[in-house]
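Working notes, beginning with the structure itself.
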Amino acid sequence: MKSFVVWFLVLVGVASGHSGEQPLSNIAIHRATLALDESLTIKAYPFILAPKGGDTEWVTVDLDNPNPSHDDWVGVFSPAKFNGSTCYLENDHKEQPPYICTAPIKYNFANFSNSDYVKTGKTSLKFQLINQRADFSFVLFTGGLSNPKLVGVSNYISFTNPKAPLYPRLALGKLWNEMTLTWTSGYNLLEAVPFIEWGRNGDPQHRSPAGTLTFDRNTMCGSPARTVGWRDPGFIHTSFMKDLWPSTLYTYKMGHMLSNGSYVWSKMYSFRSSPYPGQDSLQRVIIFGDMGKAERDGSNEYSNYQPGSLNTTDQLINDLKNIDIVFHIGDITYANGYISQWDQFTAQVEPIASTVPYMIASGNHERDWPGTGSFYDVMDSGGECGVLAQTMFYVPADNRANFWYSTNYGMFHFCIADSEHDWREGSEQYKFIEHCLASVDRQKQPWLIFAAHRVLGYSSDKWYGLEGSFEEPMGRESLQKLWQKYKVDIAFYGHVHNYERTCPIYQNQCVNSERSHYSGIVNGTIHVVVGGGGSHLSEFTPINTTWSLYRDYDWGFVKLTAFNHSSLLFEYKKSRDGKVYDSFTISRDYKDVLACVHDGCEPTTFAS
């Protein structure tokens, strides 16, 4: 038992130890004191952001400080007005509220763009802001991040319409001919009625209503989400586009009808609907995990936290015309309880998620918090306990608090597990997984894909290697007989921040000697770790794992291309250049899927 406890503690450190710290958590904002310096000036402009529409704007902050220091930094606050009266005291309600009790949404050091700042006291910083439903102010602190003293505050600036509908996220619905659309706005239901206007490209458009969700601070399970990381999430709207024609181009825009009868509109977007299940056509799927968000303006020490995130995002945007659907299998934003970061992530992926379905899975940094029912009793979500992920993104789950679901895309059938809830034999999720795998018609959907955040299969990660089992504790012991029985083609995982591909494997043994072209009966499941979406990279074990065919200590993602029912191409691409560094093909007929394999044979009889 002691060995298992040590193993468990080591492995839960795989996620937190390799991810770095959420940059905003380094700011001791609750210790901030007021020391205004009337002799300095701090000015932000333009005053009105995106006057012609849009959801982002570059802002210049000019600073003239007669008493500069090397540890001066500028925090971006939104809403612009902040003080101790808005503090939530988690423990002792009699304690003295701090002067500031909410973290900035981003920050940068004053000397970032001018190395002579300490000599001259003058600098100009550039921040890229997105519309987050409130105004902004820029605050100069001295004393570093650990002992901040507020010495100056800028003027307030604001977007033309802070409440505008923004950041659309498409997702597959529960039916093949249904697409869901989720977006964020500042309008509650008393102010405006949300809806979408959509239709086939060039046809008359029609309108569908949207449901509206939000949550408050008390919905969070702990700090920082409940304290310094809290920020009002606005209103999250979801609408359903139903009875879609297969593989057809549609246009859409989000709208809000105000109480005075006027309308507020988003810009126009488009997507292509799903192919009919089993439809024989070109179908292209992207899969990765652990991407997180990053800042294009250099703020939040982005290169030290999620260094590959922007490269992955940009490669997908650049190749979007050759992508049909995206699966981001856990560790979505790494907000870790700093709620403002979810807006920034949805803005970062908006060019992708507004165009193709953006399907997510739950990871430890979305769900895990002690005493809340997560399988791992750790604090990786920063108190979010799944609320942000299940509200900000739609998944076709029966219960979105339990993040497991099945979905179809043409010739693909996907079974998405939730590794933050119990998956072992006898559990509710185990029953779901078996049903999902058993229910697919392999004649129509020959390509069967399993995915989960944590590595429930095989990985040569350094920390897994210390124990010698090369998996999440109790991972494949319960599931490998299901993968084999139902002939899962590929199982994908994140959590470990690198890339690795195994041979077709069953019970720790390679069952096929081929490496790059599988023809006919494959005999086992290929396991792929694709957790290099953007977060800090994970080291490999020095142990030679004989089932490991390809390893890469770099950021990247996988692209699956189904040409037809008999031919599948697998490509691993690096995020730095978009080039293919590992690949294989599967070529087979329907009879090969039906063929008997070890522990995967249908019962037979000698009766005639």
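Side chains included, hydrogens not; waters and symmetry mates left out as well; all remaining heavy atoms used. Everything numeric here is computed off the predicted structure, so don't read it as measured data.
Annotation: salt bridge (Lys or Arg N to Asp or Glu O under 4.0 Å) contacts involving residues 99-116, sequence neighbours excluded, comprise K106-E295, K106-D297. Applying the salt bridge (Lys or Arg N to Asp or Glu O under 4.0 Å) rule to pairs touching residues 121-133 yields D64-K122, R133-D343, sequence neighbours excluded.
The shortest side-chain heavy-atom distance between R367 and C385 falls under the 4.5 Å cut-off. By the 4.5 Å heavy-atom criterion applied to side chains, N67 and S39 are counted as neighbours.
Distance CD/E57 to CZ/F159: 6.5 Å, rounded to 0.5 Å. If you take CG on N111 and CG on L125, they are separated by 9.0 Å, rounding to the nearest 0.5 Å.
Note: F345 and Y358 have perpendicular aromatic rings, judged against thresholds of 30 and 60 degrees for the angle between ring planes. Ring geometry for Y107 versus F109: interplanar angle over 60°, hence perpendicular rather than tilted (30 to 60°). Aromatic ring orientation, Y572 versus Y499: parallel (interplanar angle below 30°, classes split at 30° and 60°). Using the six-membered ring where Trp is involved, H237 and H256 have ring planes that are perpendicular, over 60° apart on the 30 and 60° scheme.
With sequence neighbours left out, F240 forms a ring-ring contact (aromatic ring centres under 6.0 Å, His included) with Y394.
Under the side-chain contact (heavy atoms from CB on, under 4.5 Å) test applied with D380, the options D331, N364, N336 reduce to a single match, N364.
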